[in-house]
2 protein chains.
Amino acid sequence: MLKEERQQTILNEVELHNRVLLTDIAEKLDVSIDTARRDVKELDAENRLRKVHGGAISLGFATYSPKRNNVYALDEKIEIAEKALKLIKENSVVLIDGGTTCLELARLLPSKIHLTCFTLSLPVAMELLNKPNVETIFIGGQLSKDAQIAVGSHTIHNLSQIRLDHSFIGTGYVDANFGLTEFDWDIVQTKKAIIKASKKLVLLCISEKLNSQHRFKTCDINEIDTMITELSPDHHLLSSFKSQEIRLL
Amino acid sequence: MLKEERQQTILNEVELHNRVLLTDIAEKLDVSIDTARRDVKELDAENRLRKVHGGAISLGFATYSPKRNNVYALDEKIEIAEKALKLIKENSVVLIDGGTTCLELARLLPSKIHLTCFTLSLPVAMELLNKPNVETIFIGGQLSKDAQIAVGSHTIHNLSQIRLDHSFIGTGYVDANFGLTEFDWDIVQTKKAIIKASKKLVLLCISEKLNSQHRFKTCDINEIDTMITELSPDHHLLSSFKSQEIRLL
DNA sequence: TTTTTTATTGCAAAAAACTGCAAATATTAA
DNA sequence: TTAATATTTGCAGTTTTTTGCAATAAAAAA
């Protein structure tokens, strides 16, 4: 393995998890700790990451959006986002919803991909600005303080004016029988508008949310085209979804 | 777990609850009290929190926020924002433009103030979400990657539908004779729309930009109601503006 | 006051970083 | 091609950093 490849792998790891341990590098890339250390040292000198005792952390670690540091079940969400990424086609028109799982999808978009991307989430929009070839359109409206997304009639009206190839959405709760539900009425109305505007719907959802429900209903399961969890599609937790008209990934 | 991660976790905790106990850190991060104490001591030395007997407390508000570290002439901008703050009336409808000076204004808004606040800047919107009594409306549209604001026809149309008590705007360049100018055509068109939608216009501008100009014109000086710089109004650099119909602060 | 909790200090074990060196590999020149 | 040169890599020994523990001091609470 070439040095450049090794260093790129290290950078990817840091970008993905905000951190990396020297011991993990050494083991994963099958080199000595010393080589790993030297690689990290070089990358630090080039200002591509920050070397710390025992490993390295991403440059934005302290300055970046504080949310990323304490995302619950980050690894699972990254896994889901990686699966979702494969569904995105060059030059298509997509929407990325709010929530931490969808945010990971935005982060993972490769810088070479050409896309037109709508969103109503502030953090997702911030992330998309870093993608040189993604044209980003923010769907404006009244901002929800906790969800950090635009909601309300203005947002819904704007959504009614567009036609999306794919929408990647999250949900508060999901149940095979009751479908997708939320705690918040405004958010449900906004999601309904997204659903109406989309040709294909992809639900990103960590397995922990399976078989949970709340007050207000967004839609039925069969309105979703693809549901992505971090589990393999034949996992027993997904069995109740198998009978439905839905693709599991 | 890396030391930096531990310290970041501590900072998050402090930011979230304004305080943290050493015993809680030790338990949560699974380290000895001594290590927790040492971490807190380091963070205190770096002025990232304040160590007190038994734990740590936050340094107060508006101390550590993302991106703040590499703002040019931050002190001057804060001074300008403080002056601008006095112009904002309870329960009014205002717009805060993009740019680092306007961002400081958003940061400085007291949490008790009741406002309806429009913006087309992503960072400003992020900041406004932290203000419990500010209703924030993001004016959507195509996002400009470098200015991090919404621009384009959609944005301009949305702006034509609202009526603002005060707009706080920045500018790339300003000259007493040529007026406000910008490098970017789209940004100029958007600013024109803001101007049209506003009853009163306040320009936030560090003195360094005085007597500079660029390609595209936003408006004449006399269209601005109030211009705020970090200088006192009778500073000689402002003399060329005195003859104009403009209030200097 | 006494009692309890928290801080400080010094110390030792463990982990990680650094240094110099030699073997292995790659690059360049003849 | 071969030989000379430069770079990369792993290893061993040394130094530094980190961490937890225990003894003592200081502070807060009862």
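For the numbers below, each heavy atom of this structure counts, side chains included, while hydrogens, waters and symmetry mates do not. Just so we're on the same page: letters track the sequence lines, and every chain starts at 1.
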Q) To the nearest Å, how far apart are A/Leu21 CG and C/dA15 C1'? A) 12 Å
Q. Out of D/dT8, C/dT8, C/dC18, which has the shortest distance to the side chain of A/Lys3?
A. D/dT8
Q) Does OP1 or OP2 of C/dA16 have a side-chain N or O of A/Arg38 closer than 4.0 Å? A) no
Q.
Counting the atoms with a prime plus P, OP1 and OP2 as sugar-phosphate, which does B/Ile33 contact under 4.0 Å by heavy atoms, base, sugar-phosphate, or nothing?
A. nothing
Q) Hey, what's the ring geometry for B/Phe138 with A/Phe138, parallel, tilted or perpendicular (30° and 60° as the breaks)? A) tilted
Q) Under 4.0 Å between a Lys/Arg side-chain N and an Asp/Glu carboxylate O for A/Glu182 and A/Lys191? A) yes
(Q) Would B/Ser207 and B/Glu230 count as a side-chain hydrogen bond (donor to acceptor under 3.5 Å, both in side chains) here? Give the steps. (A) CA-CA 7 Å; B/Ser207 64; B/Glu230 83 278 14; 2.6 Å; yes
Q) Are B/Ile10 and B/Gln8 close enough that some pair of their side-chain heavy atoms sits under 4.5 Å apart? A) no
Q | Closest nucleotide among C/dA16, D/dT9, D/dG20 to the B/Asp34 side chain | A | D/dG20
Q | For atom CG of B/Asp30 and atom P of D/dT19, their distance in whole Å | A | 12 Å
(Q) Looking only at the side chain of B/His53 (C-beta and beyond, no hydrogens), which of the listed nucleotides C/dG20, D/dG20, C/dA7 gets closest? (A) C/dA7
Q) Taking N and O atoms by type only, does the side chain of A/Arg37 place a donor or acceptor under 3.5 Å from a partner on the base of D/dG10? A) no
Q) Given atom CD of A/Glu4 and atom P of C/dT27, what is their separation to the nearest angstrom? A) 12 Å
Q. B/Met1 CE to C/dA15 P: how many Å, rounded?
A. 19 Å
Q) Starting at the 5' end of DNA chain C and moving along, which residue's nearest nucleotide shows up first, A/Val52 or B/Thr23? A) B/Thr23
Q. Whole-Å distance between D/dT19 C1' and B/Gln7 CD?
A. 14 Å
Q. Expressed in angstrom and rounded to an integer, what is the separation of A/Arg6 atom CZ from D/dT8 atom P?
A. 9 Å
Q) Starting at CG of B/Leu29 and ending at P of D/dG20, how long is that distance when rounded to a whole Å? A) 11 Å
Q) Side chain of A/Ser32: nearest nucleotide among C/dA7, D/dG20, D/dG10? A) D/dG10
Q. A/Ile25 has an atom CD1; how far is it from atom C1' of D/dT9, in whole Å?
A. 16 Å
Q) Is it true that B/Lys77 and B/Glu104 make a salt bridge, defined as a side-chain N closer than 4.0 Å to a carboxylate O? A) no
Q: With heavy atoms under 4.0 Å as the rule, sort A/Val40 into base, sugar-phosphate or nothing.
A: nothing
